[in-house]
Structures are given as structure tokens and as C-alpha cells.
Enquirer: 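Sharing a structure with you now.
Residue numbers begin at 1 in each chain, while the letters A, B, ... track the order of the sequences. Worth saying up front: this structure is predicted, and the values here are computed from it rather than measured.
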2 protein chains.
Amino acid sequence: MENQQDNAPCVGHDFSACSKRIAAVHDTMDVLNGKWKIAIISLLGFGTRRYSEILKEVEGISGKMLSRELKDMELNLLVKRTVVSEQPIAVAYSLTDYCVDLLPIIHSLAEWGTKHRQVIVQQIKGEPVLEMG
Amino acid sequence: MENQQDNAPCVGHDFSACSKRIAAVHDTMDVLNGKWKIAIISLLGFGTRRYSEILKEVEGISGKMLSRELKDMELNLLVKRTVVSEQPIAVAYSLTDYCVDLLPIIHSLAEWGTKHRQVIVQQIKGEPVLEMG
DNA sequence: CTGCATCCTGGGCGATACTG
DNA sequence: CAGTATCGCCCAGGATGCAG
């Protein structure tokens, strides 16, 4: 699979390298779908959190969505759910070792986001006010 | 911003590192929103493509969505649009240098997706899944 | 060929109330 | 505190048709 250069053009019938890569990325984004999962992973990357803590620290998420996302992520082996105490109930969530592999990627995403914000700001300041659709 | 260890727990008032990172990732995912942009970038990472080529190679995308995504990505300086010929009209799309920075990340995403697919298949087959955490 | 307008549907997601 | 149930909005995105 890796005898293909990253930036080599893929013309004609050298089709499969492209589509395989696209499919693989699709698999990942399928698991990371929705508005919240990446943020949750990013947060849990800083350490174990309880349900209510995530609710507070992930700005804007509702309880329903948090439950749903967490359950989904558990099924996909991204997070581990641990009942800490029964009365009152407390549940802790942490990343699986396997999901930890995503952290460097997500970190890169964060860095790019920071850079992008600057680039766009420059564009807006620099350009002679063009009306954007 | 980087005096924070990647895996250091962020408790109590060490709140801002978490939320800043989350916000930055959010910025990126905001730009990469929707079902198609990452796939398009991944494809264009293999080389310049024409509109109709992208339409064929990105499995499942409709013409409307492709136009929309491409326009959006152009505004965000992710792709460059070049009119190749007028009669009949032909348009080539390529990644900006700046968007090329995303390729390694997307490549990592692809690798993780491949791995994940295997893990999930193992899990479904009931094979002893690796012990997490 | 490239790309826009229109119509339409599914489901993602928010708000709120409720259970254990 | 953790999680579910219900209701409903809204918009991403599919299908189709038209225009330059």
C-alpha cells in the first residue's frame, strides 16, 4: 500500500490507491461522526472525567447528546465506562489505549485550526472588502 | 500554550488548556464540516483533478454537493480553482500549499481507520478483544 | 462540462421532563 | 448524579432540472 508516494498523481487506472485511502478516512470519520465526539476525546485526553464534568467542560453539549455519544463511543471501543460509586451514582469515562492513538492526530487538528484562524483573519483584513456569498 | 503536557490531567482551574484545545479543534472541524470535504482533500492530495473527475472518484457525492463544498473550500483557502479551457469549459481543482499541511493528518486518519476496521471485526467475531485500560 | 435553483426527506440535535 | 423519553425544529444532503 505504501509503494505509492503521498503526492504522486494517481491517474487513469491507478485508481485504487485513491479510493482505498478515501474509504479508510471515511471509516474513521464514520466513527467520529457528529458534532461532539472529537471534542469529547480531546477533553478526555487531558484525563478521566465524570459524566457531569464532561457536560460542563464541553461547551454547549446537551445531556441527551452526551449520553448518546458516550454510548456510541463505548461500542466503538473509544472510551471505557467505569461506575465509581453507586449511591449517589458516579461514572467515570476514560479513553481506551487504542483511542489514545487518536490524540496526536487531534492535537495536529488543533494546531491547524489555530493557524487557520489566523490565516482567515489576515485574509479579511488584507482584502479590499469583498462581499462573500 | 505548550507548557501543558499532552496527557497531564487538567483539574480544577487548569481549565483553559482543555477548552482552548477543544476550541481549536472545533475551528478545524468547522472548516472540514459535512460529509465530503475530507474525502475531497484526500483525493486532491493525489493530484489535481477536474470537477467531473472528482465527481466520479468521490463515491456517492452529488453534483450539487460537490459544487457547494468546493466553493466553500475555496473561500476557506483550501483549494485553488483554475479554469483550464473555455470551450468546452474545464475547471481544475488543486490543494493550496496551506491545505497540504492537512495531508499528513488525513493520512493518519486513514491509517487509524484501517486499524479500527480490523479491531471492530475482531470484536464482532467474538475473538478475545484486546484488554483496554 | 461546470454549476446553480428547487423541491423534499431523514435524522441530527436541542429543550424539557422524567426515572433510578 | 447518570441516563431515558418525548417532541419538534431545522438543515445537510439527495434527486432532478435548467443555464452558461
Enquirer: Specify the separation, in whole Å, of atom CH2 of A:Trp36 and atom P of C:dC13.
Expert: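 For the pair A:Trp36 CH2 and C:dC13 P, the rounded distance is 8 Å.
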Enquirer: Compare side-chain N and O positions of A:Tyr93 against OP1 and OP2 of D:dG3 and report whether any pair is under 4.0 Å apart.
Expert: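 Yes.
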Enquirer: Does a side-chain N or O from A:Ser85 land closer than 4.0 Å to OP1 or OP2 of D:dC1, or not?
Expert: no
Enquirer: Is the closest side-chain heavy-atom distance between B:Asp27 and A:Trp112 below 4.5 Å?
Expert: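 Counting from C-beta outward, B:Asp27 and A:Trp112 never come under 4.5 Å.
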Enquirer: Tell me whether B:Ser108 contacts the main-chain N or O of B:Pro104 through its side chain, where contact means a donor paired with an acceptor under 3.5 Å.
Expert: yes
Enquirer: Using atom CE of B:Met65 as one end and atom P of C:dA5 as the other, report the distance to the nearest whole Å.
Expert: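 Atom-to-atom, B:Met65 to C:dA5, this comes out as 14 Å.
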Enquirer: Compare all side-chain heavy atoms of B:Trp36 with those of B:Val58 and state whether any distance is below 4.5 angstrom.
Expert: yes
Enquirer: Check whether any side-chain heavy atom of B:Val84 sits under 4.5 Å from a side-chain heavy atom of B:Val91, and report yes or no.
Expert: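 No - every pair of side-chain heavy atoms lies 4.5 Å or more apart.
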Enquirer: Taking any heavy-atom pair under 4.0 Å as a contact, classify A:Ser67: base, sugar-phosphate, or nothing.
Expert: base
Enquirer: D:dG20 P sits how many Å from B:Ile89 CD1, rounded?
Expert: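 Interatomic distance, CD1 of B:Ile89 to P of D:dG20: 13 Å.
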Enquirer: May I have the distance from B:Met29 (atom CE) to D:dA12 (atom P), rounded to whole angstrom?
Expert: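 Value for this atom pair: 15 Å.
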Enquirer: Between P on D:dA2 and CD on A:Glu53, what's the gap in Å once rounded to a whole number?
Expert: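 Atom CD in A:Glu53 sits about 8 Å away from atom P in D:dA2.
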Enquirer: Would you say that A:Phe46 contacts A:Glu57 through its side chain, given a criterion of any heavy-atom pair below 4.5 Å between the two side chains?
Expert: no
Enquirer: Distance check needed: C:dC1 P versus B:Glu86 CD, whole Å only.
Expert: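 So the two atoms are 16 Å apart, to the nearest Å.
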Enquirer: Which part of the nucleic acid does B:Arg50 contact within heavy-atom distance under 4.0 Å: base, sugar-phosphate only, or nothing?
Expert: sugar-phosphate
Enquirer: C:dG3 phosphate, OP1 or OP2: any side-chain N/O from B:Arg81 under 4.0 angstrom?
Expert: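 For C:dG3, OP1/OP2 do have a side-chain N/O of B:Arg81 under 4.0 Å.
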Enquirer: With a 4.0 Å cutoff (strictly under), does any side-chain N or O of A:Lys71 reach OP1 or OP2 of D:dA2?
Expert: no
Enquirer: Can you check the A:Leu66 CG to D:dG3 P distance for me, whole Å?
Expert: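 For the pair A:Leu66 CG and D:dG3 P, the rounded distance is 8 Å.
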Enquirer: Would you classify A:Gly34 as touching base, sugar-phosphate or nothing, given that sugar-phosphate means primed atoms plus P, OP1 and OP2, and contacts are heavy atoms under 4.0 Å?
Expert: sugar-phosphate
Enquirer: Taking the nucleotide of DNA chain C with the nearest heavy atom to each, does B:Gly63 or A:Gly63 sit closer to the 5' end?
Expert: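 First, find each residue's nearest nucleotide; the 5'-ward one identifies B:Gly63.
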Enquirer: If I take atom CD in residue A:Gln87 and atom C1' in nucleotide C:dT19, what distance separates them, rounded to the nearest angstrom?
Expert: 13 Å
Enquirer: Of the listed nucleotides (D:dC1, D:dG13, C:dG3), which one gets closest to any side-chain atom of B:Tyr51?
Expert: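 Given the options D:dC1, D:dG13, C:dG3, the side chain of B:Tyr51 is closest to C:dG3.
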Enquirer: Is the phosphate of D:dG13, meaning OP1 or OP2, less than 4.0 Å from a side-chain N or O of B:Ser62?
Expert: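 So the side-chain polar atoms of B:Ser62 never come under 4.0 Å of the phosphate oxygens OP1 or OP2 of D:dG13.
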Enquirer: Would you tell me if any nitrogen or oxygen in the side chain of B:Lys64 comes within less than 4.0 Å of OP1 or OP2 on C:dT6?
Expert: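 For B:Lys64, the contact criterion (side-chain N or O under 4.0 Å from OP1 or OP2 of C:dT6) is not met.
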